[in-house]
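Both counts, for ligands and for their atoms, begin at 1 and track the order of listing. Note that the numbering runs from 1 along the sequence shown for the chain.
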Amino acid sequence: MEKDMERDNIICDLEEQLKKVITRNDVAQIKALYLGKDGIVTKLSSKMKEIPNEEKKEFGKFLNEIKNEVVEKIEKINKEIEERELNEKLAGDSIDITLPGRKIKRGSLHPMTRIEEQFEDLFVSMGYTVYDGPEIESDENCFQKLNIPKGHPARDAQDTFYLKDEFENFLLRSQTSTAQARAMEENKEKGPIRIVCPGKVYRRDEDATHSHQFMQIEGLVIDENISMADLKGTLELFCKHILGEKTEVRFRPSFFPFTEPSVEVDVTCFKCGGKGCSLCKQTGWIEVLGAGMVHPNVLEMGGYDSKKYQAFAFGTGMDRFAMFKYAIPDIRTIYANDLRFLEEFDRKDVE
Ligand code: PHE
């Protein structure tokens, strides 16, 4: 009876105190008050030695019950506080969905990539294969096999970036016409060929319309019964395809050592539509490419029977087409990697 009362007192007291706690620190203090070194429950246990032996067992039981009850109540309240604190934290950390999101920066295709793809798509649709050649090329493939022997004056305009020492017979290719020599050499059956070879070429040039490095695309078609008419139709078609149906195409006789006859091809100036302006130097025309029927010497050097096969070839600067099509006034901006320029193509609906 007495013990029960004592226990009730202790527990009631504890409950009263626990009602007031706010933090876990408050609970820790109460815990010390009951279970600490000088705590109420601890002190009660020390009474054990005064208890007569026959009652010790029961007193021990009583002590345990009280201790367990105290521990249980303290743990319960600790849990409640923990939960409350977590909920408060979560509420404070809530996401502000009205904040603007972080934009993902979108890239865009470089104008030269766009132009190159347009050329490739067109020619692939006509049954051509895209051929890739190296930028470091032998003197043989760049000149000799194209009917330009050592000392030929046609070298002057292109005789530029040679390698040193034991590689002095190699240079950065000055024209993609190297693909003609390579493709013929690689074709062991010496049968028909239909390729375009896009890629970088290098020359000692540098002004608003010329860069020491620019992009050409070469075309080569070898087959039986190929004539100038095939070349003309092909060139007209691709100039109109890239620059627009209104574009007119003009062929002028010209000279290249590896084609005979040779032509240079002009298109109507797309800035003035042919009336004459500063871009076309008041002529209404702009030169865009060189072409011709492949010289029999070149076919023979490539291992082809020039009596059986004819071929046409053309080469054009793709930068030129990009400049026209996207109204780029200075070729050097194409290679400057200035984001302000490149970002323009993010928005241009070009095709
Ligand atoms: N390779 C010539 C140049 O770079 C262009 C060309 C290619 C001319 C093919 C005729 C045939 O100027």
query = When you look for heavy atoms under 4.0 Å from ligand 1, do you find them on the side chain of Phe258, its backbone, both, or neither?
reply = side chain
remark   = Paired with Arg24, the salt bridge (charged side-chain N to carboxylate O under 4.0 Å, His left out) test is passed by just one of Glu75, Glu80, Glu83, Glu82, namely Glu82
inquiry  = So for ligand 1, is Ser174 a polar contact partner (N or O within less than 3.5 Å, distance only)?
reply    = no
Which residue and heavy atom of the protein sit nearest atom 2 (C) of ligand 1, plus the separation = Gln175 OE1, 3.6 Å
key: Ser177, portion touching ligand 1 at heavy-atom distance under 4.0 Å   = side chain
query = Among Leu146, Ile148, Val201, Val294, which residue meets the side chain to side chain contact (heavy atoms under 4.5 Å, CB included) test with Ser177?
reply = Leu146
task = Check whether the side chains of Gln118 and Lys325 place a donor and an acceptor atom closer than 3.5 Å, and report yes or no.
result = yes
ask   = Which of the atoms of ligand 1 are close to Gln180, meaning less than 4.0 Å from one of its heavy atoms?
value = 9 (C)
Centroid-centroid under 6.0 Å between Phe238 and Phe314 rings = yes
Just list the side-chain donor-acceptor pairs under 3.5 Å for residues 255-266, sequence neighbours left out, or say none.
unit_1	atom_1	unit_2	atom_2	d
Thr259	OG1	Ser262	OG	2.7
Ser262	OG	Phe256	N	3.2
Ser262	OG	Thr259	O	2.8
Glu264	OE1	Arg252	NH1	3.2
Asp266	OD1	Arg252	NH2	2.8
Asp266	OD2	Arg250	NE	3.1
Asp266	OD2	Arg250	NH2	3.0
Asp266	OD2	Arg252	NE	2.7
Asp266	OD2	Arg252	NH2	3.4

Heavy-atom nearest neighbour in the protein, as seen from atom 6 (C) of ligand 1, with distance rounded to 0.1 Å = Gly290 O, 3.6 Å
inquiry  = Please report whether ligand 1 has a polar contact with Glu218, defined as an N or O pair separated by less than 3.5 Å (distance criterion only).
reply    = no
task = Could you verify whether a donor N or O on one side chain and an acceptor N or O on the other, from Tyr131 and Glu218, lie under 3.5 Å apart?
result = no
remark   = heavy-atom search around atom 7 (C) of ligand 1 in the protein gives Gly315 N, 3.2 Å
message = Below 30° counts as parallel, above 60° as perpendicular, anything between as tilted: where do the rings of Phe161 and His212 land?
response = perpendicular
ask   = Which ligand 1 atoms does Ala313 reach within 4.0 Å, using its non-hydrogen atoms?
value = 9 (C), 11 (C)
query = Which is it for Arg203 and ligand 1 at heavy atoms under 4.0 Å: side chain, backbone, both or neither?
reply = side chain
